[in-house]
Amino acid sequence: MAASQRIPEWRKLPLSLTELCIDTTLRCGQSFRWRNINDEWHCVLQGRLISLKQDPSHLHYKVTWPSKPAAIAPLTPPLSLNSKCPTPTTKEMESENDDTASLLHSYFALSYSLAALYKQWAASDANFARRALAFTGIRILNQDAWETLVAFICSSNNNISRISQMVHKLCIHYGPYVGTVDGEAFHDFPQPEALAGSQVETHLRELGFGYRAKYIAETARIVSAERPAGWLLKLRNPRCPALGVAPEQVKKEESKDDIEPPSYRAAHEALLQLAGVGPKVADCVCLMGLGFGEAVPIDTHVWQIAQRDYNLGKGVKSKTFSKALYDTVGDHFRKIWGQQAGWAQSVLFTANLKSFAEQASGLKTDRSDTDAAVVKVEETQLILTASAPGARTGKRKTVATKVAAKHELEDDSDQTTETKISTRRTSKRIKVKP
DNA sequence: CGTCCTCCTCGCCG
DNA sequence: ACGGCGAGGAGGA
């Protein structure tokens with residue numbers, strides 16, 4: 001079973017479980033490629049296979065570089081690894097030049113103190129304090145922008161399980177092979193060019209992508225052919241510490257005042273031009289792929305919670321969730337939670353849907369003989385993605401809620417009590433806003 | 001700006 | 001046993 005690759009060494013970063021819990025963070029619906037095999041998490045990031053495991057004081061990681069340097073595979077250097085990175089030899093990358101530690105630091109946004117953020121959110125929002133403080137270690141990942149974009153195009157009308165399958169298919173069929181763990185192949189995520197071919201839409205339809213096949217192929221074509229190189233990366237938040245020292249473009253823009261630096265609003269609008277990207281998908285990409293912590297993705301599930309726990313939407317007539325309303329709800333949360341509102345929302349919704357970690361991970365290996373209700377809870381955990389199946393029919397909702405309540409505190413009685421904060425203002429704004 | 005339909009899949013219901 | 005229905009995000013009329 002030991003592959004032909006060199007046997008990599010485990011290394012570790014000091015990190016408490018309250019600052020990062022990978023079991024929660026890696027399967028809460030923001031990333032779709034991590035696979036748990038034998039209690040270790042594995043994923044290809046930037047051309048290398050990364051394995052993770054965790055104990056209360058450390059995050060342990062292992063790096064496996066591809067044995068065959070992917071000569072054809074396009075480089076994937078979101079950061080400024082220019083001439084350095086093409087086909088690194090195994091030996092090279094395992095020694096001093098290995099940038100995996102900094103990659104993980106960036107990927108998990110470790111420059112933020114989660115304790116400090118939780119404290120801030122709890123101080124400004126009693127509802128957050130009550131529901132979310134027990135759910136530590138939940139982080140917004142700083143993922144590759146292109147991958148995030150495609151993954152969340154796949155997320156429309158979809159659930160985590162199927163999104164993961166679709167992303168996996170994209171990697172298998174279009175991404176470079178990197179390594180194997182316990183007989184399972186790992187590929188990197190394909191570059192836009194690889195998904196821009198003329199046969200891609202048809203092929204993806206055959207693979208079960210449904211109408212999203214068209215969106216992916218079209219967006220890949222736009223990004224690879226109709227946008228300048230590095231277009232997506234230039235939308236990233238230059239002030240996001242997790243992104244580190246930004247590429248040269250940012251420096252240019254800093255010196256030239258006539259070019260406006262990337263902003264959340266600008267990035268959001270730019271993403272809306274792509275196929276299959278609406279406000280929610282755009283916000284997912286802004287938050288998880290571009291480093292804009294203030295982006296708050298709002299789906300119907302979030303909207304329901306917002307109405308229930310934050311008394312939003314009181315004066316809203318329209319039954320459909322318009323763009324204007326979408327923006328208003330986001331503004332409201334940004335007002336409450338501040339600069340990392342999207343992160344706060346993720347934590348809150350993970351807390352809301354409680355359950356998971358132990359229960360779900362213990363049962364998820366075999367879904368077939370698992371109580372259906374538990375599976376539902378598992379799928380409902382997605383925070384920012386996909387559908388919330390539990391909210392579908394009355395019956396399912398009841399079942400899911402029951403199961404969830406079993407796991408943790410139940411809290412259906414007095415939500416309205418504490419949600420005052422800026423309720424009035426909000427309802428007013430919703431009414432007033434055109 | 002709101003409405004309504006389509007896309008597609010899945011799970012629930014009858 | 002199977003067909004209808006509806007939920008979910010985006011797009012288009």
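This is a predicted model, so every value here is computed, not measured. Order of the sequence lines fixes the chain letters, A, B, ..., with proteins taken first and strands second; residue numbering starts at 1 for each chain.
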Is it the case that dG9(C) (base atoms only) and Tyr215(A) (side chain only) share a donor and an acceptor within less than 3.5 Å, ignoring hydrogens and angles? no
Atom CD of Gln165(A) and atom P of dC8(B) are separated, to the nearest Å, by 18 Å
If the cut-off is 4.0 Å, is Ser322(A) near the phosphate of dG2(B), judged by side-chain N/O to OP1 or OP2? yes
Could you tell me whether Glu201(A) and Arg205(A) have a side-chain N and a carboxylate O separated by less than 4.0 Å? yes
Does Thr300(A) put a side-chain nitrogen or oxygen below 4.0 Å from OP1 or OP2 of dG9(C)? yes
Just checking Leu274(A): base, sugar-phosphate only, or nothing, at a heavy-atom cut-off of under 4.0 Å? sugar-phosphate
For the side chain of Lys280(A), counting heavy atoms from C-beta on, which of dC8(B), dA10(C), dG2(B) is nearest? dA10(C)
4.5 Å side-chain heavy-atom contact, Trp343(A) and Tyr112(A): yes
Rounded to the nearest angstrom, tell me the gap between atom CZ in Arg212(A) and atom C1' in dT6(B). 13 Å
Glu218(A) CD to dC7(B) P, in whole Å, measures 18 Å
Rounded to the nearest angstrom, tell me the gap between atom CH2 in Trp303(A) and atom P in dG9(C). 13 Å
Proximity to the side chain of Arg205(A) - top-ranked nucleotide from dC8(B), dG9(C), dA10(C): dC8(B)
Salt bridge present between Asp331(A) and Arg334(A) (N-O < 4.0 angstrom): yes
Calculate the interatomic distance between Leu271(A) atom CG and dA10(C) atom P; express it in whole Å. 12 Å
Nearest to the side chain of Pro279(A), which nucleotide is it out of dA10(C), dC7(B), dG8(C)? dA10(C)
Of the candidates dC10(B), dC7(B), dA10(C), the side chain of Val281(A) sits closest to dA10(C)
Residue-phosphate contact under 4.0 Å: Ser156(A) side-chain N/O, dG8(C) OP1/OP2: no
Whole-Å gap separating P (dC1(B)) and CG (Asp327(A)): 10 Å
Is the closest side-chain heavy-atom distance between Ile153(A) and Val277(A) below 4.5 Å? yes
Report the relative orientation of the aromatic rings in His268(A) and Tyr326(A); use parallel for angles under 30°, tilted for 30 to 60°, perpendicular for over 60°. tilted
Write down the distance between CG (Leu325(A)) and P (dG9(C)), rounded to a whole number of angstrom. 13 Å
Rounded to the nearest Å, what distance is computed from the CD1 atom of residue Ile153(A) to the P atom of nucleotide dA10(C)? 10 Å
